Amino acid sequence: MNNKKIFISRMFPGKGAELLRTAGFSVTEWNEERPMTQDELIEKAKVHNALFCTLTDKIDKRFLNECSHLEIISQFGVGYDNIDISEATRLRIPVGFTPNAMSDATADIAFGLMIATSRKMFYMHKRIEKGEWSYFKPKANLGIELKNKTLGIFGLGRIGMEMAKRCKGAYNMKIIYHNRKANPKAEQELNAEFVDFTGLLKQSDVLSVHCSLNTETKGIFNKAAFSQMKPGAIFINTSRGLVHNETDLIEALKTGVIWGAGLDVTNPEPMQPDNPLLQMENVCIVPHIGSGTVEARVEMARLAAVNIIEFYKNKKIPHIVNPESMINK
Ligand code: DGY
């Protein structure tokens, strides 16, 4: 039995809590469905050594300074834009995360949204519900095909790679991408071609966003960006809603600047039910379910627990966001 106390901020699937208890930690779990308020989280974190949290927890400067005693923060998720990483690093609090676990699940959602959008599936479903399926109309309800089209990936990392593989395998799509740095594996295995941001906008038939949210990517898909895309293009976002400007996206879709959009992430979340995007024919939206498979979520919980266990056992965090915070620990 060790004397470290771990607080788990949500009800997570899988065996994260069990693994921690088996390793001898004293574990307290938040046992309500809703996310905690920041005040509630601070109150709990104050009396624990480590925090196991997720994207609904606001780990900003206020939180970090009130809870600067925390020895490790372990995020359940590949994204960590809810955490002020530079402040955590300044306070020398290491932050763990759970990459890889959800790459397939999220790529499946991007791929699914691409197909659903290209054939207006969600809108057609709603029309049946409204009693609007009258008879076969040869000229109505036409979608577009994906075979041999160009897929542009913005942020070709683990998830983008899985999306690219699916598109190459299913539709022989040409893969182009824009990243901070080149991805030799994708170039070798998928014949992917690195292009600048303008090239990505201009050449993509489907443009799928897989970047992380940061100061460079926030709002990058705005009016100026959409205006350079093809009128037949489909915009897919499964990363973070703040990467696109929603007002500009609505305008681009309404005026035919681009053809359609498939979104797993919106801005804000949750999206309000009267949002105009929900009424659009060529738009498919799901409520941030990219990592939402049993397999992915169970593995995420395991990885988040292992990050804590390894930190206390070996002073090593297998998946760490800010290794600088560990120097001389
Ligand atoms: C992530 O991992 O960042 C997803 O968006 C939520 O699970």
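Numbers here simply count residues along the sequence, with the first being 1. One-based numbering, in listed order, for ligands and for the atoms of each. Just so it is clear, the values below take in all heavy atoms, side chains as well, and ignore hydrogens, waters and symmetry mates. As the structure is a computational prediction, the values presented were derived from the model and not from experiment.
Among residues two or more places apart in sequence or in another chain, the side-chain hydrogen bond (donor to acceptor under 3.5 Å, both in side chains) test is passed with T89 by N322.
Side-chain atoms of R92 and N328 include no donor-acceptor pair closer than 3.5 Å. When only modelled atom types and interatomic distance are considered, D60 and Q38 share a side-chain donor-acceptor pair under 3.5 Å. Side-chain atoms of R240 and S212 form no donor-acceptor pair, as typed in the model, at a separation below 3.5 Å.
Cation-pi contact between K137 and Y135: present, with separation from the ring centre below 6.0 Å and deviation from the ring axis of at most 45°. Geometric assessment of K313 against the ring of F311 yields a negative cation-pi assignment under the 6.0 Å and 45° thresholds.
Ligand 1 is surrounded by L55, G77, V78, G79, M102, R240, H288, S291, M300, each with at least one heavy atom closer than 4.0 Å.
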